[in-house]
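Reviewing the structure listed below.
Just so you know, these numbers come straight off a predicted model, no measurement behind them. Residue numbers count from 1 along this sequence.
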Amino acid sequence: RRRADATALLTELAKTTAMSSSESRNVAPPPLTGDDSKILTRRIEDGGEDEKGGAGAGSTRRPKEVPVRTFFEIEETLAFLKSCKATKVALQFPDCLLEDSHEVHELLGKGFPSGEFFVLGDTSYGSCCVDEVAAGHVNADAIVHYGDACLTRTGSISVKYVFGQFPLPTEALVRQLESLAPEAGDGASSSDSPSLFLFSHTKYVAALEELRKRVDASAALRRRVHIASVDSEQQLPPPPSVGPSDSKGPKGTAEADGPSLIPCGYRFRGPAKQPGAGDKIVFLGPPECALLTAIRMAFNSNDILRFDGDTGHRLKAEGSAGRMLGRRFYLMSKVKEASIIGIVVGTMSVKNYLAVIQHLQKIIREAGKKSYLFLVGKINVPKLSNFAEVDLFVFVACPFQCVVDSTEYFTPIVTPLEVELALVRGREWTGQYSTDFKDILPGIGCLQTTEEHRKKPTSVDEESGVRFSMITGKVERAIGLKEGEQTSDSKEIVKASQALSKVPDASTYMLQRTFKGLDGSVRENQQPAKITDGLRGIASSYTKEIDPKSDKTTTGSGTASTTRQDRVNTKRFSGVAPRPLSAQVHENITRRVTSTEDSEDGDEDEDEEEDEEEDDEDDDEELTMEQRIERQFAGMARNKS
């Protein structure tokens with residue numbers, strides 16, 4: 001009967017579940033309430049990814065008034081794919097533009113039906129870099145990169161950059177430029193007047209052509225303002241250069257114009273290749289931008305002005321890069337003190353990244369240090385904290401990501417240029433800086449080590465095999481000098497420096513101080529006390545002390561003496577019968593109890609006699625209340641004594 005009842009119950013429950021599930025298909029889901037609903041319906045905010053050099057600088061989302069076909073340059077992209085004869089195309093979107101990826105995919109598929117299109121997911125490294133690793137999973141032969149980009153050269157795939165269409169207040173910008181440029185015909189020579197070199201964030205690249213026309217039409221700006229062109233396409237094999245004045249279409253390699261500190265992908269037309277001493281730089285874009293940081297550090301002696309919406313469409317002077325460069329110089333000094341250096345690979349798509357890794361390994365090996373290679377993807381504090389043995393990391397990445405704020409990291413992170421300046425003999429930092437690692441490669445870099453550095457005469461310290469450390473404040477062994485190659489004079493100098501560094505002063509007293517304990521009377525040369533046996537027993541019987549010489553216990557009066565075995569026998573435990581006492585202990589206890597009873601009997605007799613005398617006195621005379629109280633207290637005191 002129980003089994004039949006259970007079967008009927010299960011059958012009824014199954015029918016009820018089926019009815020509820022069929023009804024739920026026709027009923028709308030309940031509305032979300034509370035703050036959690038905002039998380040599910042929240043759109044990605046303007047600014048996109050918050051990465052170093054990624055799309056996180058400024059608002060890069062598509063304006064609602066700009067159509068998708070126009071903003072994403074569908075016609076130009078189709079022409080590029082047909083020219084490079086691509087069959088599989090990877091579409092790389094930043095987070096801020098990912099909401100339009102489906103519509104872009106459909107438009108490209110209709111315009112180029114012979115090709116296959118794939119939308120890439122999360123990038124392997126930074127969103128500003130072309131993700132060749134993800135594109136290689138689908139064997140893509142072309143990549144269309146959307147949003148902000150570092151414009152570094154790739155090694156094995158054709159790339160089309162689509163920056164978007166953003167409005168630029170050209171009229172206001174031209175008026176601001178005219179206020180800086182000298183007026184035509186004012187008598188100033190062209191050589192004495194400073195020039196204006198204009199860089200732009202990639203979001204304003206589409207508006208540069210209109211700006212260039214306005215500048216050419218102005219007599220005051222025609223010879224003074226130089227606008228950087230941006231390479232928006234990279235085809236393999238690269239076609240020949242079509243001229244410096246053409247800002248669109250395929251371009252030659254970045255090294256065609258010779259070594260330069262200009263960021264990769266940007267070029268100036270005309271004889272002026274880069275800003276000189278006294279020239280001013282104008283940047284169009286937001287303040288938190290990796291491109292602006294690279295320009296400020298590369299041209300740290302030039303005045304830099306910025307123009308964007310947050311400045312009220314006015315030219316605003318940027319602060320000096322001295323503090324950033326001071327931090328980099330400090331990290332160069334840390335490189336000299338490091339014994340183990342980790343090379344972290346931050347890109348696998350930038351051209352010549354393998355050559356830079358080999359170059360760094362050679363420099364570190366010649367300096368007498370050890371190097372290890374790490375490939376961890378996007379770096380963060382937990383990842384690099386797993387390698388506590390590494391003293392310092394060098395980050396090989398694109399120009400927008402190689403400068404890392406390592407204040408939160410347990411180990412400093414430096415750039416390849418800083419390793420070159422710190423470990424190569426004859427190199428001294430002259431103030432020139434570059435975030436592009438290709439600038440240190442032999443043969444193509446503008447900051448490479450030359451024969452002049454190698455032939456530099458040795459100093460007195462180098463001949464002695466020593467150097468002064470700005471980090472430790474001591475004289476250390478020279479870089480590249482092994483332990484066995486050190487001369488006797490240099491060894492004596494290093495030992496003397498270490499001995500002098502041990503002299504305590506006010507600044508190092510608190511760092512070298514050790515714990516002295518709570519007792520301040522203890523002297524430094526005082527020997528510690530010997531360890532002796534203390535009190536034994538339970539808490540209610542800590543009255544016996546142990547004599548270490550005789551191994552006997554004495555009481556406070558000194559009249560009784562027992563051995564350790566006697567104490568063990570007399571110990572009582574709850575619930576356990578006591579052990580029999582020895583004859584000597586039994587005799588001592590009996591004698592003590594008898595003497596105590598005799599003394600107590602004598603005291604009782606004396607008390608009785610005193611009470612009888614007091615009673616007789618009370619009967620003879622009458623006492624006042626105060627006298628009775630005093631006599632009562634006196635009797636209590638006698639009894640207590």
For Phe71, ring pair (Phe, Tyr, Trp, His ring centres under 6.0 Å) partners two or more places apart: Phe166

Can you name the residues that form a side chain to side chain donor-acceptor pair (under 3.5 Å) with Arg214, not counting sequence neighbours? Glu171

To the nearest 0.5 Å, atom OG1 of Thr311 lies from atom CD of Glu318 at 9.5 Å

Salt bridge present between Lys378 and Asp122 (N-O < 4.0 angstrom): yes

With sequence neighbours excluded, tell me which residues meet ring pair (Phe, Tyr, Trp, His ring centres under 6.0 Å) with Phe307. His313

Between the side chains of Arg425 and Glu366, is the shortest nitrogen-to-carboxylate-oxygen separation below 4.0 Å, so that they form an ion pair? no

Across all chains, not counting sequence neighbours, the salt bridge (Lys or Arg N to Asp or Glu O under 4.0 Å) partners of Glu210 are none

Determine, stepwise, if the pair Ile440 / His359 fulfils side-chain contact (heavy atoms from CB on, under 4.5 Å). CA-CA 9 Å; Ile440 68 172; His359 182 66; 4.0 Å; yes

For atom CZ of Arg327, is the number of surrounding heavy atoms from other residues, nucleotides or ligands below 6.0 Å larger than 12? yes

Keeping to residues at least two apart or across chains, list the side-chain hydrogen bond (donor to acceptor under 3.5 Å, both in side chains) pairs with something in residues 128-137. Ser124-Asp131, Glu132-Ser156

Assess whether side-chain contact (heavy atoms from CB on, under 4.5 Å) is satisfied between Leu384 and Val381, documenting all intermediate values. CA-CA 6 Å; Leu384 298 186; Val381 177; over 6 Å; no

Passes side-chain contact (heavy atoms from CB on, under 4.5 Å), Ser339 versus Lys370? Steps please. CA-CA 6 Å; Ser339 301; Lys370 295 182 180 180; over 6 Å; no

What pairs with Phe395 under ring pair (Phe, Tyr, Trp, His ring centres under 6.0 Å), at least two apart in sequence or on another chain? none

Flag yes if more than 12 heavy atoms outside Lys383 fall under 6.0 Å of its NZ atom; otherwise flag no. yes

Does this structure show an ion pair linking Asp100 with Arg62, if we count only N-O contacts that are shorter than 4.0 Å? yes

Applying the side chain to side chain contact (heavy atoms under 4.5 Å, CB included) test to Ile364, which of Ile340, Ile343, Val335 qualifies? Ile343

Applying salt bridge (Lys or Arg N to Asp or Glu O under 4.0 Å), run through Glu76 and Lys160 and close with a yes or a no. CA-CA 9 Å; Glu76 292 82 352; Lys160 166 67 177 177; over 6 Å; no

Residues two or more places apart in sequence or in another chain: which of them pass salt bridge (Lys or Arg N to Asp or Glu O under 4.0 Å) with Arg296? none

In terms of side-chain heavy atoms, does Ser434 have a donor or acceptor partner in Asp436 at a distance below 3.5 Å? no

Separation between SG of Cys129 and CZ of Phe400, rounded to the nearest 0.5 Å: 9.0 Å

To the nearest 0.5 Å, what is the distance between CG (Leu198) and CD1 (Ile281)? 10.5 Å

Side-chain donor-acceptor pair under 3.5 Å between Thr449 and Arg427, yes or no? yes

Atom CZ in Arg223, atom OG in Ser218: separation rounded to 0.5 Å? 12.5 Å

Residues forming a salt bridge (Lys or Arg N to Asp or Glu O under 4.0 Å) with Asp310, sequence neighbours excluded: Arg306

Using the six-membered ring wherever Trp is involved, compare the ring planes of Phe199 and Phe299 and label them parallel, tilted or perpendicular (cut-offs 30° and 60°). tilted

Contact summary for Arg328 and Ile413, nearest pair of heavy atoms: NH2-O, 3.5 Å

Interatomic spacing from CG in Leu284 to CG in Leu315 - rounded to 0.5 Å: 8.5 Å

For Phe387, what residues pass the ring pair (Phe, Tyr, Trp, His ring centres under 6.0 Å) criterion, not counting sequence neighbours? Phe374

Across all chains, not counting sequence neighbours, the side-chain contact (heavy atoms from CB on, under 4.5 Å) partners of Lys336 are Ala422, Arg467, Ile479

Salt-bridged, Glu178 to Arg175, with N to O below 4.0 Å? no

Spatial distance of atom OH (Tyr372) from atom CZ (Phe393) [nearest 0.5 Å]: 12.0 Å

Heavy-atom distance under 4.5 Å between the side chains of Cys398 and Cys128, does that happen here? yes

With Glu428, which residues qualify under side chain to side chain donor-acceptor pair (under 3.5 Å), at least two apart? Lys456

Test side chain to side chain donor-acceptor pair (under 3.5 Å) applied to Thr430 - qualifying residues, sequence neighbours left out: none

How close do Leu261 and Cys446 get, counting heavy atoms only, and between which atoms? CD2-SG, 3.5 Å

